[in-house]
Every structure is written in structure tokens, then in C-alpha cells.
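Have a look at the structure below before the remarks.
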Amino acid sequence: RLGLERADTAEKALTVIVDLLQKYGQGGNCMESHMAFTYHNSFLIADRKEAWVLETSGKYWAAEKVEAGGVRNISNQLSITTKIDREHPELREYAKSKGWWDGEKEFDFAATYSYVNTARMTTSRGRYCEGYKLLNKHKGSISSEIMMEILRDKESGINMEGGFMTTGSMVSVLPQEPSLPCIHYFTGTPDPER
């Protein structure tokens, strides 16, 4: 929200977020219940001209610029691997100091900073993989209606049910032509299927 308030481009919003992360860190419970559940955050940041994925681990972070015409998704795990366009200035040194990376092989953010096997992320039947498949199935012809269908999809796990429910979804249309208005759709109920 502070990125939206303080920046007029996606990249400037990215800078706002990482500056705040550096100054204040992150944390806190991810649920309103008494159960303690925390994780680090990922962000999709877009404007009319470009989009970024920002992923964090403590105060450390990596950012990937989304290729023009490309598709990208995030889902409760690190997904930036070796294509890193911006990063915390001490990201690699910290990983070396912890023994997570030897400084010799190619640096892979997700493999280094998470316990998830990144090779399995695109082959397992997880939300990330299913979202990736659905986006790529429609690559080049994604409309707001198709995006809403994807966000309603329960079989893929994108629209979660049970103990961890999807509480809302948002679809934004950001025309590159500045004279055209941006349009934002929000779900009005906890379940995007409704």
C-alpha cells in the first residue's frame, strides 16, 4: 500500500518497498486467529509499461523484471531463480556467510534462500505450478474474464477451500495507452467463485 501511495511507477514502488524492508524488516502473524503463522512475502508490482516480481527473505530480497509479453505468477514460495534484475546489496555475501552458497556455482535465489526444491516447483501439482500452466495456456490472449476464471479455479488450488481459504482476488486492466482508464475488479466475498 505504501508503494502505491509513494510511487508513480512499478520500479519506484519496488524501491519504496525494499527501502522500508531494509529499515523496518518484516514479520507478524499472517492470520487473525491465535495460531502463529508467519512467512516472508512476494509481490507482483505492475504499471502500464512494466511489471516486477519482488520476493523477500527477512531483510534480503531479489527482484525480477517480467519480460514484455510474458506471464508470471507467485504463490507462497520463492520462485525467482537465476534471472535477478535487482537484489539486496548483501544478498550473495549473506548466503555465503551462512554456507548456503559456495560463491562458485550460478546463484539461484529460490534454491539458496528456501528449503523448496525449485526444480519441483514447475513440475509438482502445487498452486504455483498450476497457475503457471493456466497462465501459459492463455499467454497472448489473457483478458480480464480469463484472469477471473483462473482465480476462481478450485481444482488447481488457486482458489483455496478449507483451513486456508482464498479471501479475495483482484484483476487489473492497465492499458499501455495513457488516455485509457485503468480498471480494477475486486471480489466482494471471501470466495472468488462467488
Kindly give the heavy-atom pair with the smallest separation between N41 and T56, and that separation in Å. O-OG1, 2.8 Å
For residues 90-110, which residue pairs pass the ring pair (Phe, Tyr, Trp, His ring centres under 6.0 Å) check, not counting sequence neighbours? Y60-Y94, Y94-W100, W100-Y113, W101-F107, F109-Y113
Measuring only between side-chain heavy atoms, which start at C-beta, is R6 closer than 4.5 Å to L20? yes
Side chain to side chain, V53 and F43, heavy atoms closer than 4.5 Å: no
To the nearest 0.5 Å, how far apart are OG in S144 and CG in L151? 11.0 Å
Without swapping roles, check the side chain of T189 against the backbone of D191 for a donor-acceptor pair under 3.5 Å. yes
Verdict with supporting geometry, Q22 and H88, side-chain hydrogen bond (donor to acceptor under 3.5 Å, both in side chains): CA-CA 9 Å; Q22 180 67 29; H88 184 283; 2.8 Å; yes
Does atom CD of E5 have more than 12 heavy-atom neighbours, drawn from other residues, nucleotides or ligands, at distances under 6.0 Å? yes
Look only at the side chain of D108 and the backbone of T82, and say whether a donor-acceptor pair between them is shorter than 3.5 Å. no
Do you know which two heavy atoms are closest between V16 and A7, and how far apart they sit? CG2-CB, 4.3 Å
With sequence neighbours left out, which residue pairs that include part of residues 168-182 fulfil the salt bridge (Lys or Arg N to Asp or Glu O under 4.0 Å) condition? none
Identified side chain to side chain contact (heavy atoms under 4.5 Å, CB included) counterpart of Y185 within the set E145, M148, M147: M148
When you measure from the side chain of N159 to the backbone N and O of R152, does any donor-acceptor pair fall under 3.5 Å? yes
Are V66 and L44 connected, step by step, through hydrophobic side chains (Ile, Leu, Val, Met, Phe, Trp, Tyr) whose heavy atoms are closer than 4.5 Å? yes
Restricting to non-hydrogen atoms, name the atom on G103 and the atom on K96 that form the minimum distance, rounded to 0.1 Å. CA-CD, 3.9 Å
Linking Ile, Leu, Val, Met, Phe, Trp and Tyr by side-chain heavy atoms under 4.5 Å, what else ends up with M170? F186
So, S79 versus R72: side-chain donor-acceptor pair below 3.5 Å or not? yes
Work out which heavy atom in P192 is nearest to a heavy atom in S169; give both atom names and the distance. CG-OG, 3.2 Å
In Å, rounded to the nearest 0.5 Å, how long is the span from CD1 of I150 to CD of E130? 11.5 Å
Rounding to 0.5 Å, atoms OG (S172) and CD1 (I183) come to a distance of 10.0 Å
Please tell me if the side chains of L174 and H184 come closer than 4.5 Å, counting only heavy atoms from C-beta onward. yes
Heavy-atom donor-acceptor pair, R127 side chain to G157 backbone, under 3.5 Å: yes
Correct closest heavy-atom pair for A13 and G3 would be CB-O, 3.8 Å
Backbone of M160 reached by a side-chain donor or acceptor of T166 within 3.5 Å: yes
Would the distance check show the side chain of N73 and the main-chain N or O of Y128 forming a donor-acceptor pair, the cut-off being under 3.5 Å? yes
Residue pairs, two or more places apart or on separate chains, that pass salt bridge (Lys or Arg N to Asp or Glu O under 4.0 Å) and touch residues 48-61: E50-K65
Who are the side chain to side chain contact (heavy atoms under 4.5 Å, CB included) partners of E67, not counting sequence neighbours? K83
Distance, nearest 0.5 Å, that separates CD1 of I142 from CG of N136: 8.0 Å
Check: G58 main-chain N/O paired with Q26 side-chain donor or acceptor under 3.5 Å: yes
Same apolar cluster (I L V M F W Y, side chains within < 4.5 Å links), L54/I84: no
Rounded distance (nearest 0.5 Å) linking atom OG1 of T15 with atom CH2 of W52: 8.5 Å
Hey, could you give me the CG/OG distance between L91 and S57, rounded to the nearest 0.5 Å? 8.5 Å
L134 and I158: CA distance, side-chain angles, deciding distance, side chain to side chain contact (heavy atoms under 4.5 Å, CB included) verdict: CA-CA 10 Å; L134 288 168; I158 291 170; 3.9 Å; yes
Does a side-chain N-to-carboxylate-O contact under 4.0 Å join D8 and K12? yes
Kindly give the heavy-atom pair with the smallest separation between S141 and I146, and that separation in Å. O-CD1, 3.3 Å
So, using side chain to side chain donor-acceptor pair (under 3.5 Å) as the criterion, who are the partners of T112 when residues are at least two apart? none
Working note: I45 + I17, criterion side chain to side chain contact (heavy atoms under 4.5 Å, CB included); need CA distance, chi angles, decisive distance, verdict. CA-CA 10 Å; I45 308 167; I17 295 167; 3.9 Å; yes
